[in-house]
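In what follows, chains carry the letters A, B, and so on, assigned in the order in which the sequence lines appear, proteins first and then strands, with residues in each chain numbered from 1.
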2 protein chains.
Amino acid sequence: MQTPSSRVFQDPISDRLGYVLRRASSVMMADLGGALAVTGLRPVEATILILVEANPRCTQSDIGRMLGIKRANMVPLIAGLCAKGLIDKSPVDGRSQSLTLTAAGRDRRDQADALMRAHEARFEAMLSSGEVDALRTALARLMLNDTAETD
Amino acid sequence: MQTPSSRVFQDPISDRLGYVLRRASSVMMADLGGALAVTGLRPVEATILILVEANPRCTQSDIGRMLGIKRANMVPLIAGLCAKGLIDKSPVDGRSQSLTLTAAGRDRRDQADALMRAHEARFEAMLSSGEVDALRTALARLMLNDTAETD
DNA sequence: TATTGTTATACTCTATAACTATA
DNA sequence: TATAGTTATAGAGTATAACAATA
(Lines give C-alpha, C1' and ligand atoms only; values in the text may rest on other atoms or scores of the structure.)
Protein backbone atom coordinates (compact mmCIF):
# COMPACT_ATOMS: atom_id res chain seq x y z
CA MET A 1 0.00 0.00 0.00
CA GLN A 2 0.97 3.58 -0.62
CA THR A 3 -1.74 5.20 1.50
CA PRO A 4 -1.27 8.35 3.61
CA SER A 5 2.15 7.44 4.90
CA SER A 6 4.31 4.50 4.39
CA ARG A 7 6.83 7.32 4.70
CA VAL A 8 8.40 7.90 8.09
CA PHE A 9 8.79 11.52 9.08
CA GLN A 10 11.45 13.26 11.06
CA ASP A 11 10.00 14.81 14.19
CA PRO A 12 12.13 17.76 15.30
CA ILE A 13 9.41 19.35 17.41
CA SER A 14 8.32 16.74 19.94
CA ASP A 15 11.33 17.67 22.01
CA ARG A 16 10.29 21.33 22.16
CA LEU A 17 8.93 21.99 25.62
CA GLY A 18 6.50 24.68 24.49
CA TYR A 19 5.08 22.40 21.85
CA VAL A 20 4.49 19.40 24.11
CA LEU A 21 3.04 21.68 26.76
CA ARG A 22 0.58 23.10 24.26
CA ARG A 23 -0.40 19.70 22.90
CA ALA A 24 -0.82 18.16 26.36
CA SER A 25 -2.94 21.11 27.40
CA SER A 26 -5.16 20.79 24.36
CA VAL A 27 -5.58 17.04 24.89
CA MET A 28 -6.60 17.57 28.49
CA MET A 29 -8.95 20.46 27.65
CA ALA A 30 -10.62 18.43 24.92
CA ASP A 31 -11.20 15.61 27.39
CA LEU A 32 -12.62 18.04 29.93
CA GLY A 33 -14.91 19.57 27.33
CA GLY A 34 -16.24 16.12 26.51
CA ALA A 35 -16.69 15.24 30.16
CA LEU A 36 -18.63 18.44 30.83
CA ALA A 37 -20.85 18.16 27.75
CA VAL A 38 -23.64 16.52 29.76
CA THR A 39 -23.84 19.64 31.95
CA GLY A 40 -24.28 22.01 29.01
CA LEU A 41 -21.32 23.97 30.36
CA ARG A 42 -18.00 24.72 28.76
CA PRO A 43 -14.87 24.41 30.93
CA VAL A 44 -14.68 28.17 31.42
CA GLU A 45 -18.32 28.32 32.53
CA ALA A 46 -17.89 25.50 35.03
CA THR A 47 -14.78 27.25 36.36
CA ILE A 48 -16.72 30.48 36.84
CA LEU A 49 -19.44 28.67 38.81
CA ILE A 50 -16.78 27.15 41.06
CA LEU A 51 -15.14 30.55 41.62
CA VAL A 52 -18.42 32.32 42.34
CA GLU A 53 -19.40 29.71 44.89
CA ALA A 54 -16.03 30.01 46.59
CA ASN A 55 -16.25 33.82 46.49
CA PRO A 56 -19.86 34.88 46.92
CA ARG A 57 -20.56 38.56 46.14
CA CYS A 58 -17.48 38.91 43.98
CA THR A 59 -17.75 40.93 40.76
CA GLN A 60 -17.28 39.72 37.22
CA SER A 61 -14.14 41.85 37.07
CA ASP A 62 -12.79 39.90 40.05
CA ILE A 63 -13.45 36.64 38.20
CA GLY A 64 -11.81 38.03 35.09
CA ARG A 65 -8.68 38.93 37.00
CA MET A 66 -8.49 35.49 38.61
CA LEU A 67 -8.84 33.74 35.26
CA GLY A 68 -6.87 36.18 33.11
CA ILE A 69 -9.96 37.02 31.07
CA LYS A 70 -10.46 40.62 30.02
CA ARG A 71 -13.42 42.67 31.24
CA ALA A 72 -14.93 42.97 27.79
CA ASN A 73 -14.85 39.20 27.33
CA MET A 74 -16.44 38.52 30.71
CA VAL A 75 -19.67 40.24 29.63
CA PRO A 76 -21.09 37.48 27.38
CA LEU A 77 -19.83 34.76 29.75
CA ILE A 78 -21.67 36.15 32.78
CA ALA A 79 -24.69 37.11 30.68
CA GLY A 80 -24.91 33.51 29.44
CA LEU A 81 -24.77 32.06 32.95
CA CYS A 82 -27.43 34.54 34.09
CA ALA A 83 -29.62 33.68 31.11
CA LYS A 84 -29.36 30.03 32.13
CA GLY A 85 -30.51 30.95 35.62
CA LEU A 86 -27.29 29.78 37.26
CA ILE A 87 -26.00 33.12 38.52
CA ASP A 88 -27.71 36.17 40.02
CA LYS A 89 -26.38 39.72 39.83
CA SER A 90 -27.22 42.32 42.42
CA PRO A 91 -26.00 45.92 42.46
CA VAL A 92 -23.54 46.89 45.19
CA ASP A 93 -21.98 50.03 43.96
CA GLY A 94 -23.92 51.62 41.23
CA ARG A 95 -21.10 50.56 38.98
CA SER A 96 -20.39 47.08 40.42
CA GLN A 97 -22.65 44.07 40.65
CA SER A 98 -22.04 41.18 43.01
CA LEU A 99 -22.41 37.63 41.78
CA THR A 100 -23.97 34.71 43.62
CA LEU A 101 -25.07 31.26 42.55
CA THR A 102 -28.76 30.44 42.32
CA ALA A 103 -30.00 27.13 43.70
CA ALA A 104 -29.81 25.73 40.16
CA GLY A 105 -26.32 27.20 39.87
CA ARG A 106 -25.18 25.37 43.00
CA ASP A 107 -26.56 22.09 41.68
CA ARG A 108 -24.88 22.60 38.33
CA ARG A 109 -21.62 23.58 39.98
CA ASP A 110 -21.65 20.40 42.07
CA GLN A 111 -22.37 18.27 39.02
CA ALA A 112 -19.61 19.93 36.99
CA ASP A 113 -17.13 19.80 39.84
CA ALA A 114 -17.64 16.07 40.29
CA LEU A 115 -17.03 15.54 36.57
CA MET A 116 -13.94 17.76 36.66
CA ARG A 117 -12.48 15.84 39.56
CA ALA A 118 -13.13 12.51 37.87
CA HIS A 119 -11.53 13.86 34.71
CA GLU A 120 -8.49 15.00 36.65
CA ALA A 121 -8.25 11.64 38.41
CA ARG A 122 -8.22 9.84 35.04
CA PHE A 123 -5.23 11.87 33.93
CA GLU A 124 -3.40 11.64 37.24
CA ALA A 125 -3.86 7.88 37.13
CA MET A 126 -1.41 7.85 34.23
CA LEU A 127 1.29 9.18 36.55
CA SER A 128 2.79 8.15 39.86
CA SER A 129 1.97 10.45 42.76
CA GLY A 130 5.57 11.68 42.70
CA GLU A 131 5.22 12.49 39.02
CA VAL A 132 2.02 14.39 39.69
CA ASP A 133 3.76 16.48 42.33
CA ALA A 134 6.71 17.11 40.03
CA LEU A 135 4.38 18.14 37.23
CA ARG A 136 2.44 20.57 39.44
CA THR A 137 5.65 22.08 40.78
CA ALA A 138 7.15 22.54 37.35
CA LEU A 139 4.00 24.08 35.88
CA ALA A 140 3.67 26.50 38.79
CA ARG A 141 7.27 27.55 38.23
CA LEU A 142 6.76 28.15 34.51
CA MET A 143 3.68 30.26 35.17
CA LEU A 144 5.82 32.78 37.04
CA ASN A 145 6.90 34.01 33.60
CA ASP A 146 3.42 35.40 33.03
CA THR A 147 3.67 38.83 31.42
CA ALA A 148 -0.02 39.36 30.61
CA GLU A 149 -1.54 42.71 31.54
CA THR A 150 -4.43 42.66 34.00
CA ASP A 151 -6.67 44.50 31.53
CA MET B 1 -7.41 52.41 49.61
CA GLN B 2 -10.36 50.43 48.32
CA THR B 3 -9.06 49.91 44.78
CA PRO B 4 -9.58 46.74 42.71
CA SER B 5 -9.06 44.32 45.56
CA SER B 6 -8.20 44.79 49.13
CA ARG B 7 -10.38 41.69 49.27
CA VAL B 8 -8.64 38.33 49.32
CA PHE B 9 -10.20 35.68 47.13
CA GLN B 10 -10.49 31.96 47.60
CA ASP B 11 -8.70 30.12 44.83
CA PRO B 12 -10.24 26.67 44.35
CA ILE B 13 -8.91 26.21 40.83
CA SER B 14 -5.14 26.59 41.04
CA ASP B 15 -4.95 23.01 42.25
CA ARG B 16 -6.79 21.73 39.15
CA LEU B 17 -4.24 20.07 36.91
CA GLY B 18 -6.05 20.92 33.69
CA TYR B 19 -6.26 24.56 34.66
CA VAL B 20 -2.59 24.99 35.55
CA LEU B 21 -1.61 23.08 32.44
CA ARG B 22 -3.67 25.43 30.28
CA ARG B 23 -2.36 28.55 32.00
CA ALA B 24 1.26 27.42 31.82
CA SER B 25 0.84 26.60 28.16
CA SER B 26 -0.65 29.99 27.41
CA VAL B 27 2.12 31.79 29.31
CA MET B 28 4.78 29.90 27.37
CA MET B 29 3.04 30.40 24.03
CA ALA B 30 2.67 34.12 24.67
CA ASP B 31 6.38 34.34 25.42
CA LEU B 32 7.20 32.41 22.25
CA GLY B 33 4.96 34.67 20.20
CA GLY B 34 6.78 37.70 21.55
CA ALA B 35 10.18 36.14 20.91
CA LEU B 36 9.26 35.33 17.30
CA ALA B 37 7.72 38.73 16.55
CA VAL B 38 10.97 39.99 15.01
CA THR B 39 10.77 37.22 12.40
CA GLY B 40 7.26 38.13 11.30
CA LEU B 41 6.28 34.51 11.98
CA ARG B 42 3.73 33.11 14.38
CA PRO B 43 4.71 30.03 16.39
CA VAL B 44 2.76 27.72 14.08
CA GLU B 45 4.47 29.17 11.01
CA ALA B 46 7.92 28.76 12.51
CA THR B 47 7.04 25.19 13.42
CA ILE B 48 5.97 24.45 9.85
CA LEU B 49 9.26 25.79 8.48
CA ILE B 50 11.13 23.53 10.89
CA LEU B 51 9.06 20.50 9.88
CA VAL B 52 9.43 21.16 6.15
CA GLU B 53 13.16 21.47 6.43
CA ALA B 54 13.36 18.22 8.37
CA ASN B 55 11.04 16.54 5.85
CA PRO B 56 11.69 17.95 2.41
CA ARG B 57 9.07 17.02 -0.21
CA CYS B 58 6.41 16.30 2.38
CA THR B 59 2.85 17.44 1.68
CA GLN B 60 0.81 19.96 3.62
CA SER B 61 -1.44 17.10 4.70
CA ASP B 62 1.62 15.38 6.20
CA ILE B 63 2.37 18.56 8.16
CA GLY B 64 -1.23 18.79 9.26
CA ARG B 65 -1.17 15.24 10.59
CA MET B 66 2.05 15.86 12.49
CA LEU B 67 0.68 19.02 14.11
CA GLY B 68 -2.92 17.93 14.57
CA ILE B 69 -4.13 20.66 12.21
CA LYS B 70 -6.96 19.82 9.84
CA ARG B 71 -6.50 19.85 6.08
CA ALA B 72 -8.86 22.76 5.60
CA ASN B 73 -6.93 24.87 8.11
CA MET B 74 -3.57 24.09 6.52
CA VAL B 75 -4.57 25.86 3.32
CA PRO B 76 -4.20 29.49 4.49
CA LEU B 77 -1.11 28.61 6.55
CA ILE B 78 0.79 27.16 3.60
CA ALA B 79 -0.54 29.82 1.24
CA GLY B 80 0.77 32.49 3.59
CA LEU B 81 4.24 30.97 3.77
CA CYS B 82 4.30 30.64 -0.03
CA ALA B 83 3.18 34.26 -0.42
CA LYS B 84 6.09 35.28 1.80
CA GLY B 85 8.45 33.35 -0.46
CA LEU B 86 9.53 30.96 2.30
CA ILE B 87 8.10 27.73 0.87
CA ASP B 88 7.83 26.32 -2.64
CA LYS B 89 5.16 23.89 -3.80
CA SER B 90 5.76 21.49 -6.65
CA PRO B 91 3.29 18.92 -8.00
CA VAL B 92 4.10 15.27 -7.41
CA ASP B 93 0.85 13.51 -7.93
CA GLY B 94 -1.66 15.62 -9.69
CA ARG B 95 -3.44 15.78 -6.41
CA SER B 96 -0.44 16.20 -4.06
CA GLN B 97 2.14 18.93 -3.92
CA SER B 98 5.50 18.55 -2.22
CA LEU B 99 6.84 21.30 0.01
CA THR B 100 10.41 22.56 0.20
CA LEU B 101 12.00 25.60 1.78
CA THR B 102 13.29 28.40 -0.40
CA ALA B 103 16.67 29.95 0.40
CA ALA B 104 14.83 32.71 2.23
CA GLY B 105 12.79 30.04 4.01
CA ARG B 106 15.93 28.32 5.25
CA ASP B 107 17.30 31.60 6.57
CA ARG B 108 14.03 32.41 8.31
CA ARG B 109 13.79 28.92 9.74
CA ASP B 110 17.29 29.22 11.20
CA GLN B 111 16.49 32.60 12.71
CA ALA B 112 13.22 31.37 14.21
CA ASP B 113 14.76 28.15 15.47
CA ALA B 114 17.50 30.04 17.30
CA LEU B 115 14.87 32.23 18.96
CA MET B 116 12.77 29.21 19.88
CA ARG B 117 15.70 27.45 21.47
CA ALA B 118 16.62 30.55 23.46
CA HIS B 119 13.00 30.88 24.54
CA GLU B 120 12.95 27.26 25.66
CA ALA B 121 16.23 27.68 27.52
CA ARG B 122 14.79 30.64 29.44
CA PHE B 123 11.93 28.51 30.68
CA GLU B 124 14.05 25.47 31.41
CA ALA B 125 16.37 27.68 33.43
CA MET B 126 13.54 28.00 35.96
CA LEU B 127 13.76 24.26 36.61
CA SER B 128 16.47 21.80 37.60
CA SER B 129 17.44 19.36 34.88
CA GLY B 130 15.69 16.61 36.82
CA GLU B 131 12.54 18.70 36.91
CA VAL B 132 12.76 19.30 33.17
CA ASP B 133 12.99 15.56 32.56
CA ALA B 134 10.09 14.87 34.91
CA LEU B 135 8.00 17.52 33.18
CA ARG B 136 8.70 16.12 29.71
CA THR B 137 7.92 12.58 30.86
CA ALA B 138 4.67 13.59 32.50
CA LEU B 139 3.50 15.65 29.52
CA ALA B 140 4.29 12.83 27.10
CA ARG B 141 2.27 10.47 29.28
CA LEU B 142 -0.73 12.80 29.40
CA MET B 143 -0.70 13.21 25.62
CA LEU B 144 -1.40 9.49 25.23
CA ASN B 145 -5.00 10.37 26.07
CA ASP B 146 -5.33 12.14 22.74
CA THR B 147 -8.68 11.30 21.20
CA ALA B 148 -8.60 13.75 18.28
CA GLU B 149 -9.49 12.41 14.83
CA THR B 150 -6.83 12.65 12.15
CA ASP B 151 -9.18 14.62 9.91
C1' DT C 1 -8.28 59.80 37.66
C1' DA C 2 -9.26 55.02 38.01
C1' DT C 3 -12.69 51.34 37.94
C1' DT C 4 -16.98 48.74 36.28
C1' DG C 5 -19.70 47.34 32.93
C1' DT C 6 -20.65 47.59 28.26
C1' DT C 7 -20.66 47.71 22.89
C1' DA C 8 -18.47 47.10 18.74
C1' DT C 9 -15.03 45.04 16.27
C1' DA C 10 -11.29 42.17 14.54
C1' DC C 11 -8.11 38.42 14.43
C1' DT C 12 -6.73 33.74 15.41
C1' DC C 13 -7.74 28.95 16.03
C1' DT C 14 -10.59 25.27 15.30
C1' DA C 15 -14.45 22.56 13.28
C1' DT C 16 -17.75 20.83 9.69
C1' DA C 17 -19.66 20.24 5.21
C1' DA C 18 -19.15 20.04 0.59
C1' DC C 19 -16.80 20.13 -3.78
C1' DT C 20 -13.08 18.81 -7.43
C1' DA C 21 -9.58 15.96 -8.94
C1' DT C 22 -6.94 12.30 -8.56
C1' DA C 23 -5.26 7.49 -6.88
C1' DT D 1 -13.52 4.08 -2.13
C1' DA D 2 -9.97 6.91 -0.06
C1' DT D 3 -6.87 10.86 -0.37
C1' DA D 4 -5.27 15.88 -1.46
C1' DG D 5 -6.42 20.29 -1.88
C1' DT D 6 -9.78 23.71 -1.67
C1' DT D 7 -13.82 26.90 -0.40
C1' DA D 8 -17.14 28.58 2.63
C1' DT D 9 -18.69 29.05 7.04
C1' DA D 10 -19.39 28.95 12.00
C1' DG D 11 -17.99 28.88 16.75
C1' DA D 12 -14.76 29.71 20.31
C1' DG D 13 -11.09 32.54 22.43
C1' DT D 14 -8.79 36.71 22.71
C1' DA D 15 -7.48 41.63 21.76
C1' DT D 16 -8.27 46.76 21.34
C1' DA D 17 -10.77 51.07 21.43
C1' DA D 18 -14.24 53.68 23.09
C1' DC D 19 -18.10 55.13 25.99
C1' DA D 20 -21.19 56.02 30.30
C1' DA D 21 -21.70 55.88 35.01
C1' DT D 22 -19.55 55.86 39.22
C1' DA D 23 -15.86 56.00 42.88
Leu67(A) atom CG is separated from dA12(D) atom C1', nearest whole Å, by 16 Å
Check: Val92(B) main-chain N/O paired with Ser98(B) side-chain donor or acceptor under 3.5 Å
no
Can you tell which of dA15(C), dA18(D), dA15(D) lies closest to the side chain of Asn73(B)?
dA15(C)
Specify the separation, in whole Å, of atom CD of Glu149(B) and atom P of dA2(D).
15 Å
Length of the CZ-C1' vector between Arg57(A) and dT4(C), whole Å
17 Å
Arg95(A) has a side chain; which of dA17(D), dA4(D), dA2(C) sits nearest to it?
dA2(C)
Indicate yes or no: at least one non-hydrogen side-chain atom of Leu21(A) is less than 4.5 angstrom from one of Leu21(B).
yes
Is the closest side-chain heavy-atom distance between Val20(A) and Leu135(B) below 4.5 Å?
no
Ignoring backbone atoms, establish whether Ser61(B) has a side-chain N or O less than 4.0 Å from OP1 or OP2 of dT3(D).
no
In this structure, how many angstroms lie between the P atom of dA4(D) and the CE atom of Met66(B), rounded?
12 Å
Spacing of Asp151(B) atom CG relative to dA2(D) atom C1', expressed in whole Å:
12 Å
Arg122(B) atom CZ: more than 12 heavy-atom contacts under 6.0 Å:
yes
Which residues, if any, of residues 17-24 of chain A bring a heavy atom under 4.0 Å of DNA chain C?
Arg22(A)
In a table with atom names and distances, give each donor-acceptor pair under 3.5 Å that connects a side chain of residues 142-151 of chain A to protein atoms at least two apart or in another chain.
residue   : atom : partner   : partner atom : Å
Asp146(A) : OD1  : Ala148(A) : N            : 3.0
Asp151(A) : OD2  : Arg71(A)  : N            : 3.2
Asp151(A) : OD2  : Arg71(A)  : NH1          : 3.0

From the list dT7(C), dG5(D), dT16(C), which nucleotide is the closest neighbour of the side chain of Ala72(A)?
dT7(C)
Hey, can you pull the donor-acceptor pairs under 3.5 Å for the side chains in residues 43-51 of chain B, sequence neighbours left out?
residue  : atom : partner  : partner atom : Å
Glu45(B) : OE1  : Arg42(B) : N            : 2.9
Glu45(B) : OE2  : Arg42(B) : NH2          : 3.3
Thr47(B) : OG1  : Pro43(B) : O            : 2.8

Without placing hydrogens or testing angles, list every side-chain donor-acceptor pair under 3.5 Å for residues 74-83 of chain B, not counting sequence neighbours.
none

List for me each residue that meets side-chain contact (heavy atoms from CB on, under 4.5 Å) alongside Asp110(A), sequence neighbours excluded, and say none if there are none.
Glu53(A)
Specify the residues of residues 31-51 of chain A, ordered by number, for which at least one heavy atom lies under 4.0 angstrom from an atom of DNA chain C.
none
Rounded distance (Å) that lies between atom C1' of dT6(D) and atom CD of Gln60(B)
9 Å
Arg65(B) CZ to dG5(D) C1', in whole Å, measures 12 Å
Value in whole Å for how far the C1' atom of dT7(C) lies from NZ of Lys70(A):
17 Å
Looking only at atom types and distance, does a side-chain atom of Asp62(B) sit under 3.5 Å from a main-chain N or O of Thr59(B), one as donor and one as acceptor?
yes
Sorted by position of nearest nucleotide on DNA chain D, 5' first, the leading residue of Val92(A) and Gly68(A) is Gly68(A)
